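This report concerns only the one structure given below.
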2 protein chains.
Amino acid sequence: MPGFDVGARERLNRERVLRAAVSLADEAGIAAVSMRRLAQDLGVVPMALYKHVADKEELLDGMVDTVIAGIAPPEPGLHWKSAVRQRVLAARRMVLRHPWARQAIESRTSRTPTVLAHLDSLAGAFLAGGFSADLTHHVMHALGNRVWGFSPELFNAPGPAAPRPPAPDEQEATAREFARRFPHILAIATAATGGDLAAVGQGCDEQFEFEFALDLLLDGAERLHRAGWRSAAPAVP
Amino acid sequence: MPGFDVGARERLNRERVLRAAVSLADEAGIAAVSMRRLAQDLGVVPMALYKHVADKEELLDGMVDTVIAGIAPPEPGLHWKSAVRQRVLAARRMVLRHPWARQAIESRTSRTPTVLAHLDSLAGAFLAGGFSADLTHHVMHALGNRVWGFSPELFNAPGPAAPRPPAPDEQEATAREFARRFPHILAIATAATGGDLAAVGQGCDEQFEFEFALDLLLDGAERLHRAGWRSAAPAVP
DNA sequence: CGCGAAGGTGTACGACGTACACCTCGCCGC
DNA sequence: GCGGCGAGGTGTACGTCGTACACCTTCGCG
């Protein structure tokens with residue numbers, strides 16, 4: 001009965017594919033995003049996706065694009081530092097909503113217009129604040145991945161599940177061994193918990209670390225800017 | 001004829017496996033490192049590798065370990081800043097020798113003893129310089145991936161080959177469009193080449209960017225240290 | 001009404017990681 | 001010498017992946 005299929009799914013298009021992929025990644029992790037699984041979620045045969053997306057790489061690019069496009073622009077008329085800060089923290093909120101985005105962004109190689117637009121907006125804030133293009137360039141590099149709202153996890157990034165919970169006695173032995181081999185790590189890890197040794201395992205306040213680093217960099221930028229920083233002149237013509 | 005196979009390959013062991021994997025990655029890229037291909041290089045059947053390595057994850061961990069273990073420690077008795085700088089730049093030389101290491105490190109989730117030893121040594125330099133554990137902790141986070149000798153590539157990381165060389169006329173149109181949509185990017189990209197528009201495509205001086213960021217962070221750290229920085233005290237007991 | 005293109009299908013191929021059962025040494029105490 | 005035992009290497013097989021290619025269906029438009 002053609003024309004009668006009540007629940008007939010509407011046609012696919014690029015946007016529906018990307019949104020489904022983002023949802024799938026949100027719910028089941030980026031590793032679960034395979035062409036086959038995604039097609040299944042869309043009630044369609046795997047090869048159908050290839051009519052809307054060149055290949056899996058482009059799918060990932062599109063997913064990253066989709067979430068980056070949702071980063072809120074800062075209010076207009078802000079001081080450059082606040083503008084940058086707002087935009088970066090907005091990016092961070094996005095990354096916290098889509099934890100897979102961190103890894104996806106890191107693995108992307110091409111720079112799509114959406115990605116460029118974000119970078120452009122950030123660069124624009126510095127330039128509007130009177131920074132030289134030169135200094136802006138270097139400061140953006142100094143920010144690094146923080147422009148995407150994340151910084152690398154230096155210490156713990158335990159996967160879905162920790163390998164195994166050790167027995168209490170061997171845990172004690174392990175801790176002693178750790179303290180002997182990596183005393184400085186122990187010192188700074190303990191510092192993060194205010195001296196509470198037992199709390200060391202839980203990692204640190206990521207948000208604080210992120211803002212600490214962001215401010216360190218922005219303050220450094222401000223100091224250079226005020227000091228009239230310019231890159232060493234190349235050989236004069 | 002047992003006992004007669006003149007060129008009999010000696011037995012495998014974990015180290016031989018890891019070294020072969022590193023060589024393979026050096027020569028053919030990290031994507032070429034599959035259990036099957038690696039086994040072939042070693043003249044052995046794929047499953048043989050599993051007697052020396054639990055699974056592919058552990059292989060990658062081992063490869064990262066192998067190269068990190070080769071990072072030169074800084075000379076003793078250095079000022080903290082020089083010590084950190086030397087060790088980080090040594091890490092960078094390692095990453096430049098093994099370009100795949102960047103991606104591999106980023107994708108690793110577990111922190112092996114070798115990895116911890118590197119971090120510990122770095123933390124130790126700050127602490128020996130009189131930094132509080134607290135400040136050291138935050139500064140290490142601020143350094144982020146730079147402790148491994150790389151910073152994220154904000155702009156170009158073209159894969160093995162650029163997608164395709166556009167015809168000159170459409171290139172001109174593309175450039176005009178780019179300038180219209182991303183004026184700030186254009187400004188800072190041009191700055192990096194000293195105003196040479198034609199040279200924009202080649203990216204920037206990565207080494208310079210790396211050291212710029214590193215120094216920005218280290219100088220910021222030094223300023224905080226000298227100012228007697230301490231994290232906001234938690235509610236007093 | 002008919003046709004061309006856009007969108008969806010079915011089948012198939014060659015990778016990949018790795019579970020599991022097996023074989024084959026080399027070394028050990030006897 | 002000898003029996004056996006454990007570490008190391010093998011063979012086969014399964015399920016998953018991305019995607020090439022030929023095909024069919026549906027829709028919009030002249």
Side-chain angles (χ1 to χ4, degrees), chain A residues 1-21 24-25 28-64 100 103-104 107-110 159-160 163, chain B residues 1-21 24-25 28-64 100 103-104 107-110 159-160 163:
Chain A
M1 304 161 182
F4 185 63
D5 36 353
V6 200
R9 43 166 221 280
E10 67 206 303
R11 283 174 95 164
L12 239 43
N13 57 44
R14 191 164 210 275
E15 200 201 321
R16 288 223 312 136
V17 169
L18 293 182
R19 289 158 59 92
L24 177 54
I30 192 70
V33 179
S34 70
M35 301 303 272
R36 297 170 129 98
R37 168 81 188 270
L38 178 56
Q40 191 177 2
D41 280 17
L42 285 162
V44 114
V45 99
M47 287 310 292
L49 301 177
Y50 288 86
K51 288 281 154 57
H52 306 278
V53 146
D55 54 17
K56 190 169 181 187
E57 284 289 285
E58 206 195 272
L59 176 74
L60 269 323
D61 282 347
M63 292 173 64
V64 168
W100 51 268
Q103 194 191 325
S107 74
R108 288 311 73 206
T109 165
S110 73
Chain B
M1 307 162 183
F4 186 65
D5 36 353
V6 199
R9 48 168 215 279
E10 65 207 304
R11 285 173 95 169
L12 239 43
N13 57 44
R14 191 161 208 276
E15 200 201 319
R16 288 223 312 137
V17 169
L18 293 182
R19 290 158 59 92
L24 177 53
I30 191 69
V33 179
S34 69
M35 300 302 272
R36 295 169 129 96
R37 169 80 187 271
L38 178 56
Q40 192 177 0
D41 281 17
L42 285 162
V44 115
V45 98
M47 287 311 290
L49 302 178
Y50 287 86
K51 288 280 158 54
H52 306 277
V53 148
D55 54 17
K56 191 170 181 187
E57 285 289 284
E58 206 196 272
L59 177 74
L60 269 322
D61 283 347
M63 293 171 64
V64 168
W100 51 270
Q103 195 191 325
S107 74
R108 284 317 68 208
T109 165
S110 73

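Just the heavy atoms: all of them, side chains too, but no hydrogens, waters or symmetry mates, feed the values below. The sequence lines fix the lettering, A, B, ..., with proteins before strands; numbering per chain opens at 1. Quick caveat, the model's predicted, so the values are computed rather than measured.
Following rounding to the nearest Å, A:R37 (CZ) and D:dG18 (C1') show an atom-to-atom distance of 17 Å. Summarising the geometry, the separation between CZ on B:R14 and C1' on D:dA7 is reported as 16 Å, rounded to the nearest angstrom. For the pair A:Y50 OH and D:dC21 C1', the interatomic distance rounds to 13 Å; values are reported in whole Å. The CE atom of A:M35 sits 10 Å away from the P atom of D:dA20 (whole-angstrom rounding). Taking atom CD of residue B:Q40 and atom P of nucleotide D:dG9, one finds them 17 Å apart after rounding to whole Å. Rounded to a whole Å, the CZ atom of A:R16 is 13 Å from the P atom of C:dG7. Rounded to whole angstrom, the span from the CG atom of A:L12 across to the C1' atom of C:dA6 amounts to 13 Å. Atom P of nucleotide C:dC16 and atom CD1 of B:I30 are separated by 14 Å, given to the nearest angstrom.
Between C:dA6 and A:H52, no contact under 4.0 Å exists linking OP1 or OP2 to a side-chain N or O.
Closest approach to the A:P46 side chain among C:dG8, D:dT10, D:dT19 is made by D:dT19 (side chain taken as heavy atoms from C-beta onward). Minimum atom distance to the side chain of A:M47 is reached by C:dT9, of the listed C:dG17, C:dT9, D:dT10. For B:V44, the side-chain atoms get nearest to D:dT10 when compared with the rest of C:dT18, C:dT9, D:dT10.
Residues A:M47 and A:M35 fail the side-chain proximity criterion, which asks for heavy atoms closer than 4.5 Å. Counting heavy atoms from C-beta outward, A:S110 and A:D61 have side chains that approach closer than 4.5 Å.
Between the side chain of A:R11 and the base of C:dG8, no donor-acceptor pair of N or O atoms lies under 3.5 Å. Checked by distance alone, B:K51 brings a side-chain donor or acceptor within 3.5 Å of a matching partner on the base of D:dG9.
Each of A:R36 and A:L49 was assigned the nucleotide of DNA chain C with the nearest heavy atom; the assignment lying further toward the 5' end belongs to A:L49.
By the neighbour-count criterion of 12 heavy atoms within 6.0 Å, atom CZ of A:R14 is densely surrounded, having more than that number from other residues, nucleotides or ligands.
Checked options B:V53, B:L49, B:L18; the residue passing with B:L38 is B:L49 (criterion: side-chain contact (heavy atoms from CB on, under 4.5 Å)).
In this structure, A:L12 CG and A:H52 NE2 are separated by 4.0 Å, a value rounded to the nearest 0.5 Å.
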